[in-house]
*Asks:* 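Sharing a structure, written as structure tokens. Questions coming.
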Amino acid sequence: MKNSKPSKQRLDQLLTSLGYASRSESKKLISSGLVTVDGKCITKPDFKAFHHDVAFGGEPLDVCEGIVILMNKPLGVVCSHDDGEGKLVYSLLPLRWQKRDPKISTIGRLDKETSGLLLLTDDGQLLHRLTSPKYHIPKLYEVTLDRPLNGNETDIFAAGTLMLNGEKSPCLPAKLIIIDDTHVTLEITEGRYHQVRRMFAAVGNHVTALHRSRIGDLTLGDLMSGEYRLLERKNFPELL
Ligand code: URA
């Protein structure tokens, strides 16, 4: 359970919050003898136990509340809970995770047509902290441009004076590394709406492909598009 001390929970509550079944279904599953605590079959739904002592159908329970997922988001999927917007990133997760309560949400968003490193969590406090405007962790983007660079973009982005349409304050300094005249990496420490695309629009260019490859020290490693892995928070104390 997040970073706090684990506490005992009712078995029916545990199964429901982890997405195994509705509250009434969970009671039935427990009564039918599918749940063990410390290896002993328990059929009382209101029995209280620690998450790590409980098994369902002989298998340990799914990871408890406080889950953090690192996904390689594919192009064409949407960071939203509204399925009117297209295929959702959550549809790439196991069905049970999609039914958890508290629900899993993306930490910030990537546009539908942006791929790469995306974090997801069910921890509201973590989500709030990492998406706060006060939080300035570097995020690295690989950018393909429609037109060759002018040559002055590195200085403009580094100056911390670039104003985006409709914004009240300039973008914080950002680091541009030129690979060739239509391929760059850009490191930013903010998360404004469509920020990378708007920064290039502000210098008269257009982004044709965008991929996020790093947040802080987190990278995709060998995750293929659409794949994800669980993060051990203790390995990233400075971030998570
Ligand atoms: N900047 C953008 O323009 N889009 C993203 O998805 C992320 C950063």
Side-chain angles (χ1 to χ4, degrees), residues 68-93 104-121 126-147 149-150 153-154 156-179 182-220 223-228 239:
V68 185
I69 302 158
L70 187 157
M71 180 186 281
N72 186 352
K73 177 195 171 295
L75 294 175
V77 297
V78 189
C79 295
S80 166
H81 283 290
D82 175 3
D83 56 13
E85 293 184 37
K87 184 174 169 171
L88 308 182
V89 280
Y90 308 107
S91 69
L92 302 171
L93 300 176
I104 295 173
S105 298
T106 63
I107 300 179
R109 290 173 174 221
L110 287 178
D111 302 337
K112 186 171 183 180
E113 294 313 326
T114 301
S115 57
L117 200 162
L118 180 68
L119 296 175
L120 304 98
T121 189
L126 179 72
L127 181 67
H128 189 256
R129 183 163 61 81
L130 297 189
T131 52
S132 150
K134 291 186 203 130
Y135 185 75
H136 295 305
I137 195 84
K139 289 171 272 225
L140 188 74
Y141 292 87
E142 296 171 8
V143 189
T144 306
L145 297 165
D146 192 30
R147 291 181 278 282
L149 293 161
N150 297 322
E153 292 88 346
T154 309
I156 293 175
F157 292 165
T161 52
L162 184 70
M163 287 299 294
L164 300 180
N165 264 341
E167 301 270 346
K168 292 199 177 77
S169 58
C171 292
L172 290 177
K175 205 184 295 172
L176 186 76
I177 307 268
I178 298 171
I179 297 163
T182 54
H183 293 91
V184 299
T185 67
L186 182 66
E187 188 183 271
I188 60 175
T189 58
E190 303 170 280
R192 302 185 195 210
Y193 181 65
H194 292 332
Q195 181 163 344
V196 175
R197 294 177 201 273
R198 289 164 72 212
M199 286 175 74
F200 281 99
V203 292
N205 214 322
H206 176 71
V207 171
T208 56
L210 188 57
H211 176 83
R212 182 159 68 191
S213 52
R214 183 152 46 79
I215 297 180
D217 289 336
L218 295 172
T219 57
L220 289 165
L223 276 188
M224 305 294 283
S225 174
E227 292 183 340
Y228 55 87
L239 181 64

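First listed ligand is number 1; within each ligand, the first listed atom is number 1.
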*Asks:* Applying a 4.0 Å heavy-atom criterion (strictly less than), which segment of L210 is in contact with ligand 1: side chain, backbone, both, or neither?
*Replies:* side chain
*Asks:* Pairs of nitrogen or oxygen atoms closer than 3.5 Å, one from R109 and one from ligand 1: do any exist?
*Replies:*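 There is no such contact.
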*Asks:* If you have a sec, work out which protein heavy atom is nearest atom 1 (N) of ligand 1 and how many Å separate them, to one decimal?
*Replies:*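 Ranked first by proximity to atom 1 (N) of ligand 1 is V196 N, 3.1 Å.
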*Asks:* Is there a polar contact between ligand 1 and L110, counting only N or O atoms under 3.5 Å apart?
*Replies:* no
*Asks:* Are the side chain of R212 and the backbone of K139 linked by a donor-acceptor contact shorter than 3.5 Å?
*Replies:* no
*Asks:* Among all protein heavy atoms in this structure, tell me which lies nearest to atom 6 (O) of ligand 1, with the distance rounded to 0.1 Å.
*Replies:*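 Checking every protein heavy atom, the shortest distance to atom 6 (O) of ligand 1 gives D111 N, 2.8 Å.
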*Asks:* Can you check whether F157's main-chain N or O pairs, donor with acceptor, with K175's side chain at less than 3.5 Å?
*Replies:*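 It does not hold such a pair.
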*Asks:* Could you tell me, atom by atom, which parts of ligand 1 come under 4.0 Å of a heavy atom of T114?
*Replies:*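 Result: 4 (N), 5 (C), 6 (O).
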*Asks:* With distance as the sole test, does E190 use its side chain to make a donor-acceptor pair with the main-chain N or O of L172 at under 3.5 Å?
*Replies:* yes
*Asks:* Spell out, as yes or no, whether a donor-acceptor pair under 3.5 Å connects the side chain of D111 to the backbone of E113.
*Replies:* no
*Asks:* Between H81 and Y90, how do the two ring planes meet: parallel, tilted or perpendicular, split at 30° and 60°?
*Replies:*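 Because their plane-to-plane angle is under 30°, the rings of H81 and Y90 count as parallel.
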*Asks:* So, is Y141 polar-close to ligand 1, with some N/O to N/O distance under 3.5 Å?
*Replies:*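 No, no N or O pair falls under 3.5 Å.
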*Asks:* Could you tell me whether a side-chain N or O of R214 sits under 3.5 Å from a main-chain N or O of E187, the two making a donor and an acceptor?
*Replies:* no
